[in-house]
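Counting starts at 1 for both ligands and their atoms, in listed order. Just so it is clear, the model here is predicted, and its values are computed rather than measured.
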Amino acid sequence: MASAEFALIHRYFDRPQPGVPLAVGDDCALVRATPGQELAVSTDTLVAGVHFFPDVAPASLGHKALAVNLSDLAAMGATPRWFTLALTLPQIDEPWLAAFANGLHALADAANIRLIGGDTTRGPLSLTLTVLGEVPQRSALRRDAARAGDEVWISGTLGDAALALKLLQAQGTQAAIDSGLRKRLEQPVPRLALGQALRGIAHAAIDVSDGVLADLGHICERSGLQAVLRSEAIPLSQTLRQHMRTGIDWQTVLAGGDDYELCFTAPRAMHAAVLEAGRAIDVAVTCIGEMQAQDTGRSAVTVLDDQGRALSLAAAGFDHFQNS
Ligand code: ADP
Ligand code: MG
C-alpha cells in the first residue's frame, strides 16, 4: 500500500473502535459476534451521477452512503454492529474527504455502528459499504413472510425525496429548494429503532428505496400474495401537499424512490401493537392497505382512489440495465 493512501486512511477512517478486537490496519478486521444472534449482512454501492449529484455536499454524501445501508438493516429488524467502506476517488481532495468523513462518522456514532475496514482506490467517484448487524435467531423481518389478511403499513411520509429530486433536476442542483425536502433526499434517517421494535409484531418488512410500488411488490412476489392500497391513506407531508396543490402526482409519490421508510405487513390482531411501537419511538406509522391472496389478472400492488378505482401507474423501480 502506498504511503499517501495509508496516511489518508489513517487520518480519516482509522478511529478507536471500542469493543472491536481489531479494526482498521491489518489484513482483516476481527469482530466478536454475539452468541445466539444471526448476522445480517448487506452491501450497497453509490455511484456519482447515478445515485447522487457529483456536486452534492460531501458531508451529506457520507451520511447518505451509510444511511441507505443502515436502512437495509432496519428492514430486517437488525441491530447495527460493524461496517466496511470501499472508496473509489478520482483524486485526493482533503477538504472534501474531511467533510465526507465527518458526515459518515456522525451517523455511525448515532447508530452505534463501527467502521472496521475497507479499501481505497482511484477511479470515478463511487462508494461501496457493507454493513453487518445482529438479529436474534429466526426473528428477522423477511420479505417472504407476509400472510393474506395482513395489514400493510408505512412509516413516515412518502414522496418527499422524489419530489426534491424532481425539483433539483428541473432547477439545477444548487437551486434553493425547500430545505426539509432537500434533507429527505440527501440525509435520509434510517428507521432502525422501528425495525427492531417490529420484531415479533410484523411479519414481513422492506425499506422503500425504489418507491413503495416496486418495494412492496418484492414482498408480494416473495410471499406469493398481492397488495391493495388506498390512496387516501398514503401519508404525505404538508410540504409535498403544498407543492402538489393542483393534484397529487401519485407516480412520483409511489414510484419515485429514495424514501428510506419501512413498509411492513402485520396481522390485524397486531394493529394496536404496531401503533404503540411507533408511539414509543415517536415515528409515525400508517396503515395503508392489506395483503390478499393472488388474483390473476391483477398486478402485484393495486392502489385504489376514494371511489374504489385503480390508479393507473407505470411499472415502478429503477432498473440500472434497462435499455443497455
Ligand atoms: P490490503 O492491501 O491488505 O487489502 P489495504 O492497504 O487495502 O490492505 O488497507 C489497509 C487497512 O486499511 C485495512 O485494514 C483496510 O481494511 C483499511 N482500509 C482501507 N481503506 C479503507 C477505508 N476507505 N475505510 C476504512 N478502512 C480502510
Ligand atoms: Mg486494499
Side-chain angles (χ1 to χ4, degrees), residues 1-34 37-74 76 78-134 186-190 192 207 209 260 320:
M1 161 172 61
S3 60
E5 183 189 326
F6 182 80
L8 274 189
I9 295 164
H10 185 69
R11 191 163 312 139
Y12 298 111
F13 303 114
D14 185 4
R15 305 194 320 157
Q17 300 293 6
V20 178
L22 187 59
V24 170
D26 212 311
D27 298 313
C28 288
L30 297 174
V31 300
R32 210 169 280 141
T34 310
Q37 304 268 315
E38 283 167 353
L39 273 182
V41 185
S42 178
T43 297
D44 256 313
T45 295
L46 279 76
V47 178
V50 179
H51 300 97
F52 58 92
F53 294 116
D55 63 349
V56 69
S60 293
L61 185 60
H63 174 102
K64 184 163 180 176
L66 181 55
V68 303
N69 279 276
L70 289 172
S71 182
D72 286 314
L73 291 181
M76 296 304 281
T79 304
R81 295 300 309 273
W82 311 283
F83 73 106
T84 64
L85 167 67
L87 198 53
T88 302
L89 300 169
Q91 76 266 323
I92 290 175
D93 175 344
E94 296 243 7
W96 190 96
L97 264 173
F100 171 83
N102 279 342
L104 182 84
H105 293 314
L107 180 59
D109 290 346
N112 199 23
I113 189 166
R114 312 261 168 228
L115 178 58
I116 56 166
D119 202 16
T120 307
T121 52
R122 185 172 193 152
L125 179 60
S126 96
L127 314 158
T128 298
L129 280 78
T130 298
V131 289
L132 295 99
E134 291 186 325
E186 295 182 351
Q187 294 175 50
V189 178
L192 287 161
D207 68 315
S209 54
Y260 297 103
H320 290 272

Separation between OH of Tyr260 and CG of Leu70, rounded to the nearest 0.5 Å
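Rounded to the nearest 0.5 Å, the OH-CG separation comes to 11.5 Å.
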Atoms of ligand 1 close to [X] [distance to a heavy atom under 4.0 angstrom, numbered from 1]:
X	answer
Thr120	19 (C), 20 (N), 21 (C), 22 (C), 23 (N)
Asp27	3 (O)
Gly25	11 (C), 13 (C), 14 (O)

Considering all heavy atoms, the nearest Leu104-Gly62 contact
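Residues Leu104 and Gly62, closest heavy atoms: CD1-O, 3.5 Å.
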Determine, stepwise, if the pair Phe52 / Glu186 fulfils side-chain contact (heavy atoms from CB on, under 4.5 Å).
CA-CA 8 Å; Phe52 58 92; Glu186 295 182 351; over 6 Å; no
Of Thr84, Leu22, Val24, the residue with the heavy atom nearest atom 17 (C) of ligand 1 is Val24
So among Asp119, Thr120, Thr128, Thr121, which one has a side chain to side chain donor-acceptor pair (under 3.5 Å) with Thr88?
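Answer to the side chain to side chain donor-acceptor pair (under 3.5 Å) test with Thr88 among Asp119, Thr120, Thr128, Thr121: Thr121.
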Do ligand 1 and Leu115 have nitrogen or oxygen atoms that lie under 3.5 Å from each other?
no
Would you say the side chains of Gln187 and Ser60 form a donor-acceptor pair under 3.5 Å?
yes
